[in-house]
Each structure stands twice: as structure tokens, then as C-alpha cells.
Amino acid sequence: MFTKVLIANRGEIAVRVIRACQELGIATVAVYSELDREALHVRLADEAYALGGQTAAESYLNTDAIVDAVQRSGAQAVHPGYGFFSENADFARTITEMGVSFIGPPPAAIDVMGDKISAREAAEKVGVDGVPGTTDLITDAQQVRNFGAEHGYPVAIKAAYGGGGRGMKVVGGEDEIEAAIESAQREALAYFARDEIYIERYLTKPRHVEIQVLADNHGNCVYLGDRDCSAQRRHQKLIEEAPAPGLAPDTRRAMGEAAVKVALGCGYVNAGTVEFLYENGEFFYLEMNTRLQVEHPVTEVVSGVDLVEMQLRVASGEPLPFSQDDIEISGAAIEVRINAEDPAGGRFLPSPGPLTALRLPNGYGTRFDGGYEAGDEISQYYDNLVGKLVCWGKDRPTAIARTLRALRELHIEGVATTIPADIAILEHPDFQNVEHSTKWVEEVLDLSEISADKGETETDDDEPKVRRDVDVEVNGKRFAVSVWVPESAGAAPAAGGGKTRPRRAAGGGADGGAGSGQIVAPMQGTVVKVLVGVGEEVESGQAVCVLEAMKMENNLNADKAGKIAEVKVGAGDSVGAGDVVVVIE
Ligand code: MV4
């Protein structure tokens, strides 16, 4: 086993790996950017090295700086966490060539799985089929037309080097093919510097089910159950759970065995995840993630396996200490990602800032993997994940109830968080009855009445006021009320404990004045393309402008039928939230 490991990451995953190392008696080396000088992962590590720079590119993605820290610290292994270099084969090779262990798969396996076409071919080679589609590169619209004629619509156009839904466009019919190819290639080039695309039949209401695999250097590979990640918005997972609810035992086993075949087929070692789409009792291979995932704790909690411990043991050459028959999945676990984002109106706008208060829930079956303490700052430069609430129950309803209890106990001030949206999802009958799919959050869940929950509220008065939820007694009867008090007067929690509990706001509603004809940008972004001209007649719901924001291309649609009276923007223009881009008379 290693005696010293460098963690080439930050935030909650760096803290998670440091904790696992400490429990194994392994010395830990943290690396940090200028903004993370005082960060929790730095405070917990035995040693810490400055990478310099502020942005991820200048620091955590600075190979030379990380290599320098490895050399200076004498670390025998590097754990990449997730994101950053975790799926970068070149980085893995650089570390390995230094004679230092990369705690993850062989670079060759990363290469195979990083290209979605070769990944699909690798799965098909071991008899695991993807969604009906082609691995031929798409170079002209006729190929898509032929595929659509044979398999029907919708068709998914995907980026071969894509991930997380970027570069993926859904084609509803022949008339959309050219625009979709152009948009997919543009987005893929922008995000991955590669514009190769391929196609599949598009499953309209799939569940996103994934299998955790663990392989050692001695030819052993097991699966540690499955997870469902369907509660997501714009490919950002919000809530994950294990096991995936409602799967027949045979299906569960077949997916697990398929995942093991895919892992062994590409020479995989260490922890990895094989993603499937599940619809109407069928499952289709989607892709493989060659890293430890954010949601790994739900698997740990239902299987009793510490995945980071296993990663360290496997990377140091140890064989797996269990076989497939030893794996038992018990109960149900739910993970809620607590992001510093404002879910008001369903917009999930980033809400970086200081964590002025952070009180974590506790109790039976309650775990919080976090990267921050009160007084720390959620930076705009990095992922805004504050931490992950993970709750276990003997069954799924118990796990849901426990997660809701813990969410209401979790208290965060200084930034808006996704907690109100998470509560709305967990309380919703569709989620509780497993009637949701990957599109449900965006297409069904109504978040229009969700308000920000920063625990503070700006008002017209000069002095900002802070909301206090207090319990008061009137004529012997107890009431839970919200009061807004000037920050100075309200600094100390009021008598009722001053807990800020997520509440639904009264009134409010989707902005944009439905049918107003004033088409506004819902968030700050860049105009990619204007699709209409003055004088043109448009239908309600017709796309009038393409806005690049939140790392995705978003269509801005006409909110009524009519004639275009004004086009206020052009391609390349930056717009702010609420700016009018097109006017329909
Ligand atoms: C799909 C799909 C349906 N049909 N492919 C999303 C990102 C990447 N992991 C692949 N993804 C999907 N590929 C076909 N042929 C559905 C997803 C998908 C998804 C799509 C839209 C919105 C949210 C989603 C969440 C998970 C998976």
C-alpha cells in the first residue's frame, strides 16, 4: 500500500479521498490554486503545494504544476478525483511514466472509452448493444435521412468526443436534419475541439441507469449494483439513488453482467461506471465513465464497500477482497447534490459567494460529503457543488423521508442553493412512484414558484433584510412564521432558532409575460444565431434565437404567433438576463 498520495483535485472529492487515505494511514498531499489557499482540503491534508493561478486551467488543469508537486512531495500515487484530469489519458500516461501510480484505469482504457464511437464498438464486440444506431461518422444529411427512414424519428445526433449531453441534438423530422447537424458540430467543436458526430435512435423517456464496476490487476471484476440518475436538468444530475428502483431482478443482473463484460473487454482496472438507458424493460449501452463518479456514495452506502479504499488497494496491486457472490445490496440510498445555484423560476442560475452559515444535518442514515465550512467561499471559477447529502433507508420510501428531513435540517446562508428544487423533486408523486425520466425535471416538474433560499432577502430599504423563520406562540398556539428583519437587528438567530427552512414563495411565476411578444434572454449568454427577420410571421413556440449559456445552446422561442417587429440582437452579441432579443407584434 502507498505511504503518500497526492490528490489532484479540490472541493468535496478531494476531502473524500483525503479521509480515505487518513483511515488507511496514508500521508496526503493537497494541491491548491490561489483561490483555494485556505480551502478545507488544504486544511485537512498533511502537505499542500501551491499550483499558482486562479482558474481551473491555470491550476488544477496545469500538468506541469501538478507534476512539480508530485516530484517535490515524493508522492507514490496520484488520485485525480472526478472532472479535471480524471479521464485524461495523456495525464495518466505522464504520471505513470514518472513511475508514480495513477489511481484509475490504464490510459489505453481511457482512450477507448473517451471516444463514444470506439466505446460503442468495444461494447458491441463483447455482445453489449447500444441504442440502435450507427458508428459511421455522419458527414452529410442524407445519411441521417436514410437512418430516419429505416428507424423512424426522433433521431439523436451525438458528438463522438462529447459527454454530458453537449453536442447532442435531437432530430424530430427530416426538416430539422441540416440545422441539427450544424448545431451539433458547432457545439462539439466549441467544447471538445472535435466535431465528429454519429447517430442513434432517440429514446424519448428513458431512465438513466448506471452500473458501478470494480476491477483489479489480477483479472477480477465485479459490479456493485446499480444507480438511477434520471433526476437531472440539462444533463446536470440533481438527485441520484441506489438501487435503481423498479428493475426486475433479472434485468438488474443482466445489466451488471453486461457492465462487467464491457469493463473486462477494454482491459479496465479500478473503479468505473457503465451507463445504460432503460426504457420499457429494455436496456441499451450508452457509454462508460472511466473515473470515480460524484454519486459513488449511494453505492457505498447500500453495498458497504468503501470505493475509494478499494481504488487505493487496487492501484497498489492488491486483488479484490471479495467476489461477486459476496456483494449484497441492502436498503436504498439517495444522494442530493447541493449546488450553489438559484433554482428560482426553474432557472438554476449560478450563485457564487461566501458561505456565511453552514449547519449540516446528522442522525441515523445521514451522511454529508462536503468541501467547505462556514466562512469559505463558493467560487465562480469552479464547479459550484457545496456538498452531497446522502441518506440511507431500509427501503426507498424511508430513504426519501429521511432525505427530506435532512434537507430541511440543512442550513446554508450566503448563497442560494438547489435545496428548494431538491425538496420539490423528492416530494413529487411522480418521483415517489418512479414515474419520472431523464426529461421529467425539465418538462414536467413545475419550479415556477420556487424561490431563492439564501436565508437573506434584498429589499427596497437601504439595509438588506434577512429572513428569519421563527416559531411563535399566540394565545397558547404555536405558529411557524417568516419575518424579515434588518441584517443588524437580525444578526443573532431569533428566539425560534432562526432556522431558514426552504419554503415555497407565495405567488410569483414564470417571467417573460407569456404571450407578451417580448422574447427575453432567461440568463446571461451569447447570441449564437438569430433565426428570424423583421416582417417574418412566426408560430407560437417557434425558435427565434439560439443563445449559448450555461455551457449549452438554448433556443429562445416565440411566446405567441405573430409578425417579427424587431430583432434587437445579432450573432456574437452578449446579452444579460431579461434583455429583449426579439419583439413580436
Ligand atoms: C441518449 C438519450 C436518449 N436516446 N441517447 C445524455 C448525455 C449522454 N450521457 C447521453 N445522453 C442521452 N443519450 C439516445 N439515443 C438520452 C440521454 C440522456 C438525456 C438526454 C436528455 C436529457 C437528459 C438526459 C439525461 C441522461 C441521458
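Order of appearance sets the numbers: ligands from 1, and atoms from 1 within every ligand. Note that the coordinates shown come from a computational prediction; the quantities given were computed from them, not determined experimentally. This chain uses plain numbering: 1 for the first residue, then up along the sequence.
For atom 7 (C) of ligand 1, the closest non-hydrogen atom on the protein side is Gly165 N, 3.2 Å. Scanning all protein heavy atoms for the shortest distance to atom 13 (N) of ligand 1 gives Lys158 NZ, 3.1 Å. Atom 2 (C) of ligand 1 has as its closest protein heavy atom Leu277 CD1, 3.4 Å. Protein heavy atom closest to atom 22 (C) of ligand 1, with residue, atom name and distance, is His235 CE1, 3.4 Å. Considering only non-hydrogen protein atoms, atom 8 (C) of ligand 1 sits nearest to Glu287 OE1, 3.8 Å.
No hydrogens or angles considered: a donor-acceptor pair under 3.5 Å links the side chains of Gln142 and Asn146. Of the N and O atoms on the side chains of Glu87 and Thr290, at least one donor lies less than 3.5 Å from an acceptor on the other residue. A donor and an acceptor atom, one from each side chain of His296 and Gln212, are nowhere located under 3.5 Å apart.
Between Leu203 and ligand 1, at least one N/O pair is under 3.5 Å apart.
Here is the list of ligand 1 atoms found below 4.0 Å of a heavy atom in Gln232: 25 (C), 26 (C). For ligand 1, the atoms lying closer than 4.0 Å to a non-hydrogen atom of Glu275 are 9 (N). Atom numbering of ligand 1 starts at 1 in the shown order; those under 4.0 Å from a heavy atom of Arg201 are 4 (N), 14 (C), 15 (N). Per-residue contacts place Lys439 under 4.0 angstrom from the following atoms of ligand 1 (heavy atoms of the residue considered): 21 (C), 22 (C).
The nearest non-hydrogen atom to atom 18 (C) of ligand 1, considering only Val170, Val209, Ile199, Thr438, comes from Thr438. Nearest to atom 17 (C) of ligand 1 by heavy-atom distance, out of Glu442, Arg233, Met168, His208, is Met168.
Relative to the ring axis of Tyr278, Arg227 does not place its NZ or CZ within 45° and under 6.0 Å from the centre.
A salt bridge links Lys158 with Glu200: the distance from a Lys NZ or Arg NE/NH1/NH2 to an Asp or Glu carboxylate oxygen falls below 4.0 Å. Using a 4.0 Å cut-off between a side-chain N of Lys or Arg and a carboxylate O of Asp or Glu, Arg337 and Glu12 do not qualify as a salt bridge.
Of the heavy atoms in Leu286, only side-chain atoms (C-beta onward) come closer than 4.0 Å to ligand 1.
For the pair Arg234 and ligand 1, no heavy-atom separation below 4.0 Å is found.
The two residues Gly272 and Met288 come nearest to each other via the heavy atoms CA-CE, 4.4 Å. Residue Asp430 comes nearest to Trp440 through the heavy atom pair OD2-NE1, 2.8 Å, listed as atom of the first residue, atom of the second, then distance.
For the atom pair CD of Glu279 and NZ of Lys205, the computed distance is 9.5 Å after rounding to the nearest 0.5 Å.
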